[in-house]
Amino acid sequence: MRAEQEGRHVIRYTKEKSDRVQEAIERLARIRAAQLDDGTASTVADLFDEWSPGIYYARGGRIADGEGNLYRVEQDHTSQADWPISSTPSLYTPLGVTEEDPEAIPLWRQPLGAHDAYPKGAKVEYEGAVYVSLVDGNVWPPDTPGVWQADSTQR
């Protein structure tokens, strides 16, 4: 960015071509990141908007926490300071992957309802083993027969 003083107390800032190119690259990366599956998107969490209060979030969107973690929005809502990502599981589902460990499998947590139930094919860690959901809308613990299968290729 170039700065030129045009008069007393007046400075004019002009973006140089390299600044405009960098902004275009970032815009393209954000557009492409929005098209990725949850697991892949989690490896580039910094390309997603960071959670802040007073923002409308639509169900199905993804939001970062500023610490390299990515979350899926489970309900349409306007965020509030007293509803942080970490303590409102009915609003945000952690995708379980961080920049430090992009191959991580999230720990199973009890879904609160259909809005945060596990989809078919979802992998979770439960009591030291990895399980794969066999059904959509899975709200049962992984040791429930017929709805989860232990994944012998993991851990």
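What you see is a predicted model, and the numbers here were worked out from it, not measured in a lab.
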*Residue list, side chain to side chain donor-acceptor pair (under 3.5 Å) with W51, at least two apart or on another chain*: Y92
*asked:* Quick check: is I55 connected to Y71 through a chain of hydrophobic side chains (ILVMFWY, heavy atoms under 4.5 Å apart)?
replied: yes
*How many angstroms lie between atom CG of L91 and atom CZ of R59, to the nearest 0.5 angstrom?*
12.0 Å
_Donor-acceptor under 3.5 Å (T78 side chain, Y56 main chain)_ = no
*asked:* Do Y57 and I85 land in one hydrophobic cluster if side-chain heavy atoms of ILVMFWY residues count as linked below 4.5 Å?
replied: yes
*Among all residues two or more places apart in sequence or in another chain, which pass the side chain to side chain contact (heavy atoms under 4.5 Å, CB included) test with R32?*
Q35, L36
*Do R109 and Y118 come within less than 4.5 Å of each other through their side chains, counting heavy atoms only?*
yes
*For the student: nearest non-hydrogen atoms of P111 and A117, plus distance*: CB-CA, 3.9 Å
*Tell me, which pairs form a side chain to side chain donor-acceptor pair (under 3.5 Å) where one or both residues lie in residues 8-25, sequence neighbours left out?*
K15-E23
*Identify, with sequence neighbours excluded, every residue that meets side chain to side chain donor-acceptor pair (under 3.5 Å) alongside Q5.*
none
*Which atom of A81 lies closest to which atom of P53, heavy atoms considered*: N-CB, 3.6 Å
*Can you name the nearest heavy-atom pair linking G68 to A45, along with the distance?*
O-CB, 3.7 Å
_With a 4.5 Å cut-off on side-chain heavy-atom distances among I, L, V, M, F, W and Y, is there a chain of contacts connecting L70 to I63?_
no
*For residues 74-87, pull every pair meeting salt bridge (charged side-chain N to carboxylate O under 4.0 Å, His left out), keeping only residues two or more places apart or in separate chains.*
R72-E74
*Quick one: CD on E6 to CD1 on I11, what's the gap to the nearest 0.5 Å?*
10.0 Å
Report, one line per pair, each donor and acceptor closer than 3.5 Å where one atom sits in a side chain of residues 132-144; sequence neighbours left out.
{"unit_1": "S133", "atom_1": "OG", "unit_2": "P119", "atom_2": "O", "d": "3.4"}
{"unit_1": "S133", "atom_1": "OG", "unit_2": "V135", "atom_2": "N", "d": "3.4"}
{"unit_1": "S133", "atom_1": "OG", "unit_2": "V135", "atom_2": "O", "d": "2.7"}
{"unit_1": "S133", "atom_1": "OG", "unit_2": "N138", "atom_2": "ND2", "d": "3.0"}
{"unit_1": "D136", "atom_1": "OD1", "unit_2": "K120", "atom_2": "N", "d": "2.8"}
{"unit_1": "N138", "atom_1": "OD1", "unit_2": "W140", "atom_2": "N", "d": "3.1"}
{"unit_1": "N138", "atom_1": "OD1", "unit_2": "W148", "atom_2": "NE1", "d": "3.3"}
{"unit_1": "N138", "atom_1": "ND2", "unit_2": "V147", "atom_2": "O", "d": "2.9"}
{"unit_1": "D143", "atom_1": "OD2", "unit_2": "Y126", "atom_2": "OH", "d": "3.4"}
{"unit_1": "T144", "atom_1": "OG1", "unit_2": "P141", "atom_2": "O", "d": "2.9"}

*CG of D46 to CD of E26: how many Å apart, nearest 0.5 Å?*
10.5 Å
*Taking atom NE2 of H77 and atom OG1 of T88, what is their separation to the nearest 0.5 Å?*
6.5 Å
*Grab the two heavy atoms, one from R62 and one from A34, that are nearest each other, plus how far apart they are.*
NH2-O, 3.0 Å
